[in-house]
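Only one structure is covered here, and it is reproduced in the block below.
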Amino acid sequence: MSLFDIFNRQRQNGHSHTVAIDTAIPDIPEATFIEKEAPEKEQPDGKSAMPFNGGIHLLYDFLDKNYESKGYNDALINPDATHLEQNVIALKNDLERSIRKVKTFYEDFIRQINFHITSRSRTGMIDTVEELTVKKEIAESHISQVKEIEEQAKLNEGVGHGIIISYTRGFRNGLAAISSHIILNKNF
């Protein structure tokens with residue numbers, strides 16, 4: 001009886017015919033079928049499906065990060081005042097770079113919309129032109145918000161300056177934690 005005859009066997013007299021296989025079945029390691037490590041998850045760092053992939057959401061994602069914990073951890077690594085100053089400058093540069101990315105995105109987007117408005121209005125697509133006009137107004141509103149954030153950041157005010165305050169607070173808390181752990185907790 002061959003291996004596949006086991007599946008096609010007929011019951012005779014209420015008994016089933018089974019074949020004993022004398023050959024040893026090799027052990028297959030568990031790792032062949034089961035993955036021990038957790039599968040990697042997709043990064044949710046602002047790359048989700050947003051209407052404007054490089055728009056104002058990119059800037060707000062940058063501003064919404066927790067810079068206090070970053071400052072705290074940086075202080076634990078290198079508790080030097082020049083390290084704090086350099087990281088504050090780096091944060092300001094990162095903010096400026098994010099603002100430039102967003103402004104460039106909207107400037108390009110508005111140019112594309114203007115082209116589509118012009119070409120669609122020539123073909124008499126009134127509803128499409130109105131929809132494009134609304135999209136353009138939204139883009140212009142967003143770019144004005146970005147420019148406002150940029151101006152406030154230059155004056156060390158507003159939400160752009162909030163990341164600097166948050167980072168500095170975290171850095172100082174890290175310095176305090178070092179002092180507390182090393183000096184204040186010692187018994188004399």
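Side chains are part of it too, since the values below use all heavy atoms of this structure and drop only hydrogens, waters and symmetry mates.
Here the OG-CG distance, from S98 to N93, works out to 11.0 Å after rounding to the nearest 0.5 Å. Going from atom NZ of K136 over to atom CD1 of I113 covers 8.0 Å, rounded to the nearest 0.5 Å. Interatomic distance, CG of L58 versus CD1 of I99, reported as 11.0 Å (0.5 Å rounding). Residue I126 holds its CD1 atom at 11.5 Å from OG1 of T133, rounded to the nearest 0.5 Å.
Of the charged side-chain nitrogens involved, none lies within less than 4.0 Å of a carboxylate oxygen, so that E131 and K135 do not count as a salt-bridged pair.
Closest heavy-atom contact between Y106 and H142: OH-ND1, 2.7 Å.
Residue pairs meeting the ring-ring contact (aromatic ring centres under 6.0 Å, His included) criterion with at least one partner in residues 67-99, sequence neighbours excluded, are F62-Y67.
Residue I110 is not grouped with residue I117 when hydrophobic side chains (ILVMFWY) are merged at heavy-atom distances under 4.5 angstrom, including chains of intermediate members. When the side chains of ILVMFWY residues are joined at heavy-atom separations under 4.5 Å, either directly or via intervening members, L175 and Y167 end up in a single hydrophobic cluster.
Annotation: ring pair (Phe, Tyr, Trp, His ring centres under 6.0 Å) contacts of F171 (sequence neighbours excluded): none. Shown here are the side chain to side chain donor-acceptor pair (under 3.5 Å) partners of D64, two or more places apart in sequence or in another chain: there are none.
No donor-acceptor distance shorter than 3.5 angstrom exists from the side chain of S166 to the backbone of G162, with no hydrogens or angles considered. A donor-acceptor pair is defined here as one N or O able to donate and one able to accept, closer than 3.5 Å; no such pair exists between the side chain of S141 and the backbone of E137.
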